Every structure is written in structure tokens, then in C-alpha cells.
Engineer: 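The structure follows.
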Amino acid sequence: VDQPPSLTNTLHRLLERKYAGGSRRLYFSSILRETNLPSETVEKVLLHYFQSGDVEGTLELQCPECGKDLGEYRRLRDLPEETECFVCGAKIPRSVDYVELVVHLKSNAFFRGRKRSHATSVRT
Amino acid sequence: VSELEANDLDLLGNKCVNETDPSAKGKILERFFESVVQLDNDFEIVKKHSRIETGELDYVLRQNIPNDNFWSQSHHIVVECKNWKEPIEPSQLDHFLALVRTSGPLCCMGLYVTVSPLTEGAWTAIRDARLKDGIITIVIEPDFFSALSLGLKSILPRLYEKQVFRA
């Protein structure tokens, strides 16, 4: 189940670069594009960051038919069981398939000192 | 699940309950739980035995069950397997509930597999976490080990309902 640390480092470096460049919100899909890592790897590393409090996440609901952004939610559970798109009328069930994970970089504490060891304890 | 597999699970569950060596008991409990997870193709172990700043995390599962209002609430499920001799007090649940709370927007569900019963105070802590933070906790005590042969997909919604409405 564990991932090679070099993969974790790839993600860590991306987050560090983004934060230094002023980004505070990153989409899961853009992380996949920019790191070229498998989604399972990114999912697992992000879980670790969520649990250690380094990043937070929200969910953006997007209409699968017309692509309209239909709001941002704190948890999957907060979504209605069904949402009707006010643009095209599509009925969208609550499902992980129709939300985009948004990663919020909380502070640069993530990139300094104590927590850095998680990602930099091995050579890359 | 075949009758043979159900019997195997029963045997493993009983062995876990009756084991007196704490270390062996813990290992059997985890083996038992992993066997249960493998019954359903809808569940996958994403993380196992992760060391994080607040302690150790036994498992995080990912589920992909479509078109189900219960399961659509939480894509990830945090799991703790507890092999304590004494009843579980609220303070022992704190770490577990905090992990569920902080496991990201795709998680609001925890599974607490324990060989010892929960105290009334622990049940109250679970209820409070549900009412205040929307955290769904499902407890699996030894009485329900054999029912797990039905698979998590089937048994967890029923157990949750039973525990929410317990007297």
C-alpha cells in the first residue's frame, strides 16, 4: 500500500513551488497533470497531508453535461442527494464522480522545519 | 460468500476473541478485518499502518459503490482495529474521531472494530461527533463479527442504523 518516497517528493515539490508562486488553491486534476503521478499515489499522499493538517480540501460540484460550476462544499456529505443544474437542467446525484477535489495550501509552515522530513528523508 | 469462507471467517473471529496474547490478538484481528474487506470488490485499502503526528492509523479504505445514498456520503473510511481488554472509554475514541474529522472532504465515516465493548460514555462521544460534525462512526463488536461474512457493503448501513437508534 505504501508509495515510494520519491513519488511523495514529486508531489511535495509541486506544492512547494505553487505556494512559493502565490497559489493557494490547486485542483486535483491539475496536480495529476503536472506531476504525471497515478491518482492513487496523489490520493494517498494528500490523505497524509490532510490528516497532518498541512493542507485542507473542498469539493467543487460541476455539471457533467454543461460543465457549470455549481458550488463548493466542505464535505461530500454536505452535497444534496441530487442537484439540478440551473443552466441545463441535468439532475446530478451526489457522487465522487461529479466533484473536483480542491486542495488549499494553508501556510508556508508546511514547507519548513518539522514537517519537511516526511518528504525529504530520502534521496531523489 | 461461500459457506466455507463464512466458516473460515467465523473461526478467525472466534480465534481473535479467545486469544489471550495481546500481540497475537492484534494480528489476528487485523487479518480478520482484511479478510472481510476482501469479500467485497467495492472496497480497497488505500493506507495501512500509517504513522502520523497524532498517532498511528490502522487503515483507510476507499469505496466505489454507485447509486447509494448511504455510501455516497463518504468515499474514504478510516478504520481502527482495537484489541484492548478493557471497555473503550471516550478518551480512547478521541484520536480516532479526530482522524475521521481531518481526513479530507471525501471522508466523514469511521469504522471501529473492537474486541471489547464501548462504555456508555464512548457511545455518547460517537453520537456527539455525529450531531456536531456529521461524523458517521460504525462500531463492530465481537457479537457482530460473524455478520461481517455478509460483506461490508451490506452490513455497515444496517449496523449504522441500529447504532443510531440504539436505546
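This structure is a prediction, so every number in the text was calculated from the model and none was measured. In what follows, chains are A, B, ... by sequence order, proteins preceding strands, each numbered from 1. Computed over heavy atoms, backbone and side chain alike; hydrogens, waters and symmetry mates excluded.
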Engineer: Should we say atom CZ of B:Arg31 is surrounded by more than 12 heavy atoms from elsewhere, each under 6.0 Å from it?
Structural biologist: no
Engineer: For the side chain of A:Arg75 and the backbone of B:Cys107, is there at least one donor-acceptor N/O pair under 3.5 Å apart?
Structural biologist: yes
Engineer: Following the transitive rule for hydrophobic clusters with a side-chain heavy-atom cut-off under 4.5 Å over Ile, Leu, Val, Met, Phe, Trp and Tyr, establish whether B:Leu150 and B:Tyr160 coincide in one cluster.
Structural biologist: yes
Engineer: Are B:Phe32 and B:Ile45 joined in one hydrophobic group, where the rule is that I, L, V, M, F, W and Y side chains link up if heavy atoms are under 4.5 Å apart?
Structural biologist: yes
Engineer: To the nearest 0.5 Å, what is the distance between CG on B:Leu106 and CG on A:Leu46?
Structural biologist: 10.0 Å
Engineer: Tell me whether B:Lys27 at atom NZ has more than 12 heavy atoms from other residues, nucleotides or ligands lying less than 6.0 Å away.
Structural biologist: no
Engineer: How long is the straight-line distance from OG of A:Ser95 back to CG of B:Asp68, given to the nearest 0.5 Å?
Structural biologist: 11.0 Å
Engineer: With clusters defined by side-chain heavy atoms of hydrophobic residues (ILVMFWY) lying less than 4.5 Å apart, directly or transitively, does B:Phe144 cluster with B:Leu12?
Structural biologist: yes
Engineer: Go through A:Leu76 and B:His75 one step at a time and tell me if the side-chain contact (heavy atoms from CB on, under 4.5 Å) criterion holds.
Structural biologist: CA-CA 8 Å; A:Leu76 194 56; B:His75 187 53; 4.2 Å; yes
Engineer: Is it the backbone or the side chain of A:Glu43 that comes under 4.5 Å from a heavy atom of chain B, or both, or neither?
Structural biologist: side chain
Engineer: With chain A, which of B:Cys108, B:Ala98, B:Ser103 has the greatest number of heavy-atom pairs at distances under 4.5 Å?
Structural biologist: B:Ser103
Engineer: Taking B:Gly134's backbone N and O only, do any of them form a donor-acceptor pair with A:Arg77's side chain (distance below 3.5 Å, no angle check)?
Structural biologist: yes
Engineer: A:Leu79 versus chain B, heavy atoms under 4.5 Å apart: side chain, backbone, both or neither?
Structural biologist: neither
Engineer: So with a 6.0 Å cut-off around CG of B:Asp21, is the heavy-atom count from everything else above 12?
Structural biologist: yes
Engineer: At a 4.5 Å cut-off on heavy atoms, which part of B:Arg101 comes close to chain A: side chain, backbone, both, or neither?
Structural biologist: both
Engineer: Would you say that A:Leu59 contacts B:Pro105 through its side chain, given a criterion of any heavy-atom pair below 4.5 Å between the two side chains?
Structural biologist: yes
Engineer: May I ask whether B:Val164 and B:Leu111 are part of the same hydrophobic cluster, defined by side-chain heavy atoms of I, L, V, M, F, W, Y residues being less than 4.5 angstrom apart, directly or through others?
Structural biologist: yes
Engineer: Side chains of A:Gln51 and B:Lys47: closer than 4.5 Å at any heavy-atom pair?
Structural biologist: yes
Engineer: Check whether more than 12 heavy atoms from other residues, nucleotides or ligands sit under 6.0 Å from atom CG of A:Asp69, and answer yes or no.
Structural biologist: yes
Engineer: Taking side chain as everything from C-beta outward and backbone as N, CA, C, O, which of these in B:Ile65 sits under 4.5 Å from a heavy atom of chain A? Side chain, backbone, both or neither.
Structural biologist: neither
